[in-house]
Enquirer: 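Just dropping this structure here.
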Amino acid sequence: MNIANVRILGGEPVDIRIDGGVIAEIGPGTAGTAGDVVDAQGAIVLPGLVDLHTHLREPGREDAETVQTGTQSAARGGYTAVHAMANTSPVADTAGVVEQVWRLGREFAHCDVHPVGAVTVGLEGRQLAELGAMADSAARVRVFSDDGKCVDDAVLMRRALEYVKAFDGVIAQHAQEPRLTSGAQMNEGVVSGRLGLTGWPAVAEEAIIARDCLLAAHVGSRLHVCHVSTAGSVEILRWAKSKGWNVTAEVTPHHLLLTDDLVEESPVGAYNPIYKVNPPLRTRADVEALRAALADGTIDVVATDHAPHPVEDKETEWSAAAMGMVGLETALSVVQEAMVETGLLDWAGVADRMSAAPARIGRLSGHGRPIEVGAPANLTLYDPSVRTKVDPAAFASKSRNTPYEGMTLPGRVVATFLRGRPTVLEGKLV
Ligand SMILES: [Zn+2]
């Protein structure tokens with residue numbers, strides 16, 4: 001299938017000829033007119049998006065999401081590869097479980113699925129999981145995380161960082177000091193004070209990030225920091241990078257757009273658990289710092305932290321509600337709103353933060369490549385000129401817990417191609 005009239009990273013319109021899953025030719029008129037040609041009508045094309053942080057929930061919570069529905073959701077969002085987090089049931093802490101998830105991804109083939117392996121057995125923070133066996137498995141795991149929980153034991157964290165050096169792995173830390181966040185419900189600040197909800201202090205995130213940067217430097221290993229949410233975390237990362245340490249970081253779309261005062265006042269009322277998320281929504285000053293850090297490269301990646309939950313786990317009182325938001329199908333639009341329309345990133349910058357950088361961190365050689373002859377045809381066609389109201393009923397995800405319901409956001413994923421084969425056309429699953 002060929003693509004006509006498409007603007008690479010927003011440039012001048014060209015055609016792209018695809019042959020054998022690879023980009024064979026780029027230029028005017030190369031798509032031809034016969035056979036399978038998609039007329040992009042001037043849409044932009046980005047390298048297929050790569051998510052470093054997706055919760056697919058299978059095995060164990062198939063009522064919230066499955067590998068099939070989660071990867072359909074990813075394809076609709078323009079993603080060609082996702083990293084599936086390990087906090088499933090059973091936990092992805094053995095070669096057997098990561099291979100199971102990887103095989104399901106291959107079977108449904110809406111996008112590539114790269115399982116993340118747990119750092120510790122059962123995410124319990126007591127003993128290291130079989131990191132080497134997961135790395136050697138068919139799933140070729142390179143990213144390890146206890147996400148949902150923090151590896152708070154400094155000795156275990158040090159050992160994990162040392163262990164993954166043997167196979168060029170990376171530890172992705174969910175930075176949350178557990179005792180400082182015991183019972184925490186939302187960002188600690190003026191709003192939590194007014195609402196009487198237990199605060200989640202910024203220092204609980206920042207203390208772990210500072211410690212882990214020092215540990216990674218000490219053992220000469222790779223650290224990736226999940227969902228950075230505070231201005232102070234940005235300062236620590238900037239310092240660690242200035243030292244030349246091998247530290248990378250991600251920010252979620254929701255932390256680039258939403259703030260903690262939505263818990264007090266929002267279109268869906270006060271105390272609405274749709275805004276309950278880990279780490280919590282922070283202040284306007286934090287949002288501004290995160291945007292600036294993503295723009296200047298201090299934060300390397302936008303990762304969705306797509307966290308599907310069934311209605312009964314979200315539509316309950318605040319303190320009992322599950323933490324998390326779905327994000328795959330709105331990520332690119334939110335990034336356009338927060339970063340492109342504000343002039344902070346151009347489309348080349350978006351391609352780097354949402355495709356090239358996450359592929360590099362996850363060591364995915366077939367993704368995140370520049371759009372050029374010889375590269376695998378993993379492509380996202382996106383029309384940034386439209387604005388649409390977010391309708392969760394249209395999501396491919398099994399869950400609907402989006403904070404953007406009813407909001408008007410820019411842009412629309414027109415088509416997604418996985419090695420030349422469309423997974424989405426005209427905004428619909430193929
Ligand atoms: Zn997390």
Side-chain angles (χ1 to χ4, degrees), residues 51-57 60-61 64-65 70 82-89 91-93 114-120 122-125 129 143-153 156-157 160 170-182 184-187 200-209 211-212 223-230 233-234 237 247-256 258 260 273 275-282 286 290 299-309 313-314 321-328 331 358 361-362 399 401 403:
D51 196 14
L52 266 180
H53 195 142
T54 307
H55 295 277
L56 293 178
R57 301 293 190 220
R61 283 306 300 266
E65 197 77 286
V82 298
H83 287 78
M85 275 299 171
N87 62 338
T88 49
S89 178
V91 171
D93 58 3
H114 296 278
V116 172
V119 177
T120 68
L123 308 177
E124 286 178 347
V143 182
F144 297 87
S145 182
D146 274 3
D147 183 62
K149 289 187 175 172
C150 182
V151 182
D152 65 310
D153 181 322
L156 264 182
M157 187 63 184
V170 62
I171 304 294
Q173 175 70 293
H174 170 114
Q176 179 190 351
E177 210 291 320
R179 284 173 49 79
L180 284 170
T181 52
S182 175
Q185 293 290 320
M186 68 171 294
N187 179 48
W200 186 308
V203 66
E205 174 174 309
E206 293 155 6
I208 294 291
I209 295 177
R211 181 203 74 178
D212 287 354
L223 170 72
H224 177 74
V225 183
C226 296
H227 42 52
V228 169
S229 72
T230 78
S233 298
V234 167
L237 289 164
V247 174
T248 56
E250 71 191 32
V251 62
T252 71
H254 46 274
H255 288 107
L256 290 170
L258 308 177
D260 67 347
Y275 299 115
K276 187 173 178 184
V277 64
N278 179 352
L281 300 177
R282 304 286 189 180
D286 294 303
L290 294 168
I299 294 176
D300 304 79
V301 162
V302 175
T304 67
D305 196 5
H306 177 82
H309 290 291
D313 290 355
K314 284 302 270 188
M323 290 182 277
M325 305 166 167
V326 292
L328 288 166
I361 293 164
S399 292
N401 51 306

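What you see is a predicted model, and the numbers here were worked out from it, not measured in a lab. Read the numbers this way: they start at 1 and go in the same order the structure lists the ligands and their atoms.
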Enquirer: Got a donor-acceptor contact below 3.5 angstrom from the K149 side chain to the N87 backbone?
Expert: no
Enquirer: Distance only, no hydrogens: is a donor on one side chain within 3.5 Å (strictly under) of an acceptor on the other, for D286 and T230?
Expert: no
Enquirer: Any chance you could lay out the salt bridge (charged side-chain N to carboxylate O under 4.0 Å, His left out) test for D313 and R61, step after step, and finish with the verdict?
Expert: CA-CA 12 Å; D313 290 355; R61 283 306 300 266; 3.1 Å; yes
Enquirer: Side chain to side chain donor-acceptor pair (under 3.5 Å) with H306: which of R57, E65, H55?
Expert: E65
Enquirer: I'd like to verify the contacts: list protein N, O or S atoms under a distance of 2.8 Å from the Zn ion (ligand 1).
Expert: D147 OD1, H174 ND1, H227 NE2
Enquirer: Does any N or O in the side chain of D146 come within less than 3.5 Å of the main-chain N or O of V119, such that one atom is a donor and the other an acceptor?
Expert: yes
Enquirer: Scan H255, H174, H254, H53 and name whichever one has a side chain to side chain donor-acceptor pair (under 3.5 Å) with H227.
Expert: H174
